[in-house]
Amino acid sequence: MSLPVRVRFAPSPTGFLHVGGARTALFNWLYARHTGGKFILRIEDTDKARNTVEAVQVIYDGLKWLGLDWDEGPGVGGDCGPYFQSERDAVYQKYLDKLLAAGAVYEDEKKAVRFKGPRKLIVMEDLVCGRVEVDRSKPINPLGDMEPDMTIRRPDGSWIFHFVNVVDDIEMGITHVIRGEDHLSNTPKHIEIYQALGVTPPQFAHIPLILNRSGGKMSKRDQGASVQQYIDEGYAPESVANYLCLLGWSPKDNREKLPMEEVVSLFELDKINRRNAAFDTDKCFWLNGQYIHEMTLERFRALCMPVMERAGLPIGGFSNDYLDHVLASVKEKIKLLKDVPAWTAYFFTDDFAFDEEAVNKTLRAGGAAARLTQLASHLETLPAESWEPVALESAFKALSAEAGVKTALFIHPARVAASGRSVGPSLYHMLAILGRDKVLARLRAAAAK
RNA sequence: GACCCUAUCGUCCAGUGGUUAGGACAACGGCCUUUCAAGCCGUGAACACGGGUUCGAAUCCCGUUAGGGUCGCCA
């Protein structure tokens, strides 16, 4: 009988949640949910110089946005707290005493505490990478130098990552360490500490790294490196989470879009591949469009409201019914939520922007003004109850037949006159939603320009 | 430089000894349509290289090359 799974995400608060970190958190969360285990959040804030409250908040916000809830950690508590390394000094001191008693550490000339490396062959059975052997008894260069003993405590008494990471994983009962492959080379050192402490190491699973589009390590500066960017650009959290699942893992049946509940049931560590993956912004963008097109109107509305409010659209003055009609008309077209304000502003205000290119191309075209006037007069004859898509379409077709020109010659100017744009929802639906008075006024205003 | 990991279309993911090497994004072409950053259909596009093992290798082994990672009083 194996122990219940306990995994953790242990970020350092840098003021930024990297997509690689988010993907690591996601895989840990998936494994915990898949096995019915616990997902723990631990803040590795040993480097006092870089810590701020805001930086920690960024981590909480990013994880919550992605839907990754933690069972133990800041805000929710748990039996193994505190969950900030900066508050666990006594724990580390206790373990340092154990190492001291075992003769495994010493103080160097600068008063830093170092761990006496056993310099043996370390064999790891990684759940993703397989068996990995590292011979620590060998010199690290042709000169015969050995790797220096690692420091575990600075002269000022603060602790170093390798030591506290291991101590906390022991104290918190972590059964599986799922982390980025950049830690694979650190793992032998960690195993040495476990061994010196007489503790069986947890299972390790080193997941491949996320590369930028040109194949290099995704750094802070790269497009799409920060989770915040997806929030700002109007991605739906479910699509980003879905996309991240597909980087290094797959359901094996060629599906791309699949609900998180299904990923949870399918997720296995040994199905994670070993290859680094480049982040494909285009595909993430496409997937987001798929999610938006297929989500319910209620969900779409919930995601759009804050974006529209932030953009200053006076949506408060309109009925929920009107708002829903507007949103429904653009839902199938939009790929990013941040585009919603530009796509819908003219539904809520008469003071909307005219796209210069659209104006030049269609409104200033020869005869456009005359046709707009003609169109307005024609539409005016429509009975109020016929102001709906089907009747509007018939009206456009009848008018163009009468005038002996293609319907498009009325359609395009009408669209620009009514919305200021050359792209948007279905024209007849758009006009129907806007209503007779606004449409007629806009057609005549554009004709008079 | 040493050590470790990796190697299928431009990108992501399938394919674990016998396949016309499959899907998705992107690209390109067409269709539909009032627009497209919508939808539909289609095309091009890959097993890094060299040796083995085998009747037979994308799949197994070795080497080469390339990419990535680690070698801190960062995490």
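We use all heavy atoms of the structure for the numbers below, so side chains are in, but hydrogens, waters and symmetry mates are not. In what follows, every chain begins at residue 1, and chains take the letters A, B, ... in the order their sequences are listed.
The phosphate of B/rA14 has OP1 or OP2 within less than 4.0 Å of a side-chain N or O from A/S250. At B/rC73, one or more side-chain N or O atoms of A/T151 fall inside 4.0 Å of OP1 or OP2 (strictly under the cut-off). OP1 or OP2 of B/rC13 sits under 4.0 Å from a side-chain N or O of A/N273. Look at A/R153 and you won't find any side-chain N or O under 4.0 angstrom from OP1 or OP2 of B/rC73.
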Protein proximity profile, nucleotides 58-67 of chain B - base contact B, sugar-phosphate-only contact S, no contact -, cut-off 4.0 Å on heavy atoms: ----------

Sugar-phosphate or base contact per nucleotide [nucleotides 26-42 of chain B; S, B, -; heavy atom under 4.0 Å]: S-------BBBBSS---

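Counting only residues at least two apart or on different chains, the ring pair (Phe, Tyr, Trp, His ring centres under 6.0 Å) pairs with a member in residues 276-295 of chain A are A/Y230-A/F279, A/Y243-A/F279. Each salt bridge (Lys or Arg N to Asp or Glu O under 4.0 Å) pair with one or both residues in residues 241-268 of chain A, not counting sequence neighbours, appears once here: A/D253-A/R255, A/R255-A/E262, A/E256-A/K283, A/K257-A/E294.
The salt bridge (charged side-chain N to carboxylate O under 4.0 Å, His left out) search around A/R421 returns none, not counting sequence neighbours. A/F410 is linked by a ring-ring contact (aromatic ring centres under 6.0 Å, His included) to nothing, counting only residues two or more places apart in sequence or in another chain. Among residues two or more places apart in sequence or in another chain, the side chain to side chain contact (heavy atoms under 4.5 Å, CB included) test is passed with A/T187 by A/M124, A/R179, A/I191, A/F204, A/H206. Residues passing the ring-ring contact (aromatic ring centres under 6.0 Å, His included) test with A/Y194, sequence neighbours excluded: none. Residues passing the salt bridge (charged side-chain N to carboxylate O under 4.0 Å, His left out) test with A/E192, sequence neighbours excluded: A/R136. Residues meeting the side chain to side chain donor-acceptor pair (under 3.5 Å) test with A/E393, sequence neighbours left out: A/K397.
Across the interface with RNA chain B, nearest-nucleotide mapping of A/V134 and A/F279 shows A/V134 to be the residue nearer the 5′ end. Sequence order on RNA chain B of the closest nucleotides to A/R131 and A/P251 puts A/R131 first from the 5' end.
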Strictly under 3.5 Å: I want the nitrogen or oxygen pairs between protein and nucleotides 18-22 of chain B, one per line.
unit_1: B/rG22; atom_1: N2; unit_2: A/N254; atom_2: OD1; d: 2.8

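One can place CD of A/E192 at 18 Å from P of B/rU70, the figure rounded to the nearest angstrom.
Remark: the A/S185 side chain and the B/rG69 base include a donor-acceptor N/O pair separated by less than 3.5 Å.
Using a 30° and 60° split on the angle between ring planes, A/F267 and A/W249 fall in the tilted class, from 30° to 60°.
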Secondary structure string for RNA chain B (Watson-Crick or G-U under 3.5 angstrom, | for other-strand pairs): (((((((..((((....[...)))).(((((.......)))))....(((((..]....))))))))))))....

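Distance check on atom C1': B/rU33 versus B/rU11 gives 31 Å, rounded to whole Å. Taking atom C1' in both B/rU20 and B/rA45, the straight-line distance is 16 Å, to the nearest Å.
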